[in-house]
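Note that the numbering runs from 1 along the sequence shown for the chain.
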Amino acid sequence: MPAQQEFDTVEFSDRLGAMTDEEVFGLMQELEEASESIAPKNRDDSDVFAQIAMVETAIEERFPGQLLAPYKDWQQRRIGG
């Protein structure tokens, strides 16, 4: 198994801060899709779930009191749209 590149939380957080809402939502969707292919036994070795938690926090900070509703609304618009 190839060595996994070390996850830099500060760099990832900085990237999130510079993204548009659309980009953040797209990243969340990509991460959710990636998480589905990770076997439960490999989840502790994956940074995907840490990244999902950071994106969730970023969304909640952008839309106080709405939790992930703006992301879910975005998903619905894309499905219907």
Between CE of Met19 and CG of Asp14, what distance do you get to the nearest 0.5 Å? 11.0 Å
Kindly state each residue pair satisfying side chain to side chain donor-acceptor pair (under 3.5 Å) with at least one member in residues 51-60, sequence neighbours excluded. none
What distance do Lys41 atom NZ and Arg43 atom CZ have between them, rounded to the nearest 0.5 Å? 12.5 Å
On the 0 to 90° scale, with breaks at 30° and 60°, tag the Phe25-Phe63 ring pair as parallel, tilted or perpendicular. parallel
Considering residues at least two apart in sequence or located in another chain, which fulfil the side chain to side chain contact (heavy atoms under 4.5 Å, CB included) criterion with Ser13? Met54
In terms of heavy-atom contacts, Val48 and Leu31 come closest through CG1-O, 3.5 Å
Got a sec, which residues hit side chain to side chain contact (heavy atoms under 4.5 Å, CB included) with Glu36, two or more places apart in sequence or on another chain? none
Mind checking what makes side chain to side chain donor-acceptor pair (under 3.5 Å) contact with Asp21, not counting sequence neighbours? Arg62
Could you work out, with salt bridge (Lys or Arg N to Asp or Glu O under 4.0 Å) as the rule, every residue matching Arg15, not counting sequence neighbours? Glu11
Mind checking side chain to side chain contact (heavy atoms under 4.5 Å, CB included) for Ser37 and listing every partner two or more places apart, or none if nothing turns up? none
Test of understanding: clusters of I, L, V, M, F, W, Y form through side-chain heavy atoms closer than 4.5 Å, transitively. Do Phe7 and Ile38 belong to the same one? yes
Gap between atom CD1 of Ile52 and atom CG of Asp47 - 0.5 Å precision: 11.5 Å
Side-chain heavy atoms under 4.5 angstrom apart, residues restricted to Ile, Leu, Val, Met, Phe, Trp, Tyr: same cluster for Leu67 and Trp74? no
Within-4.5 Å side-chain heavy-atom neighbours: Gln76 and Asp73: no
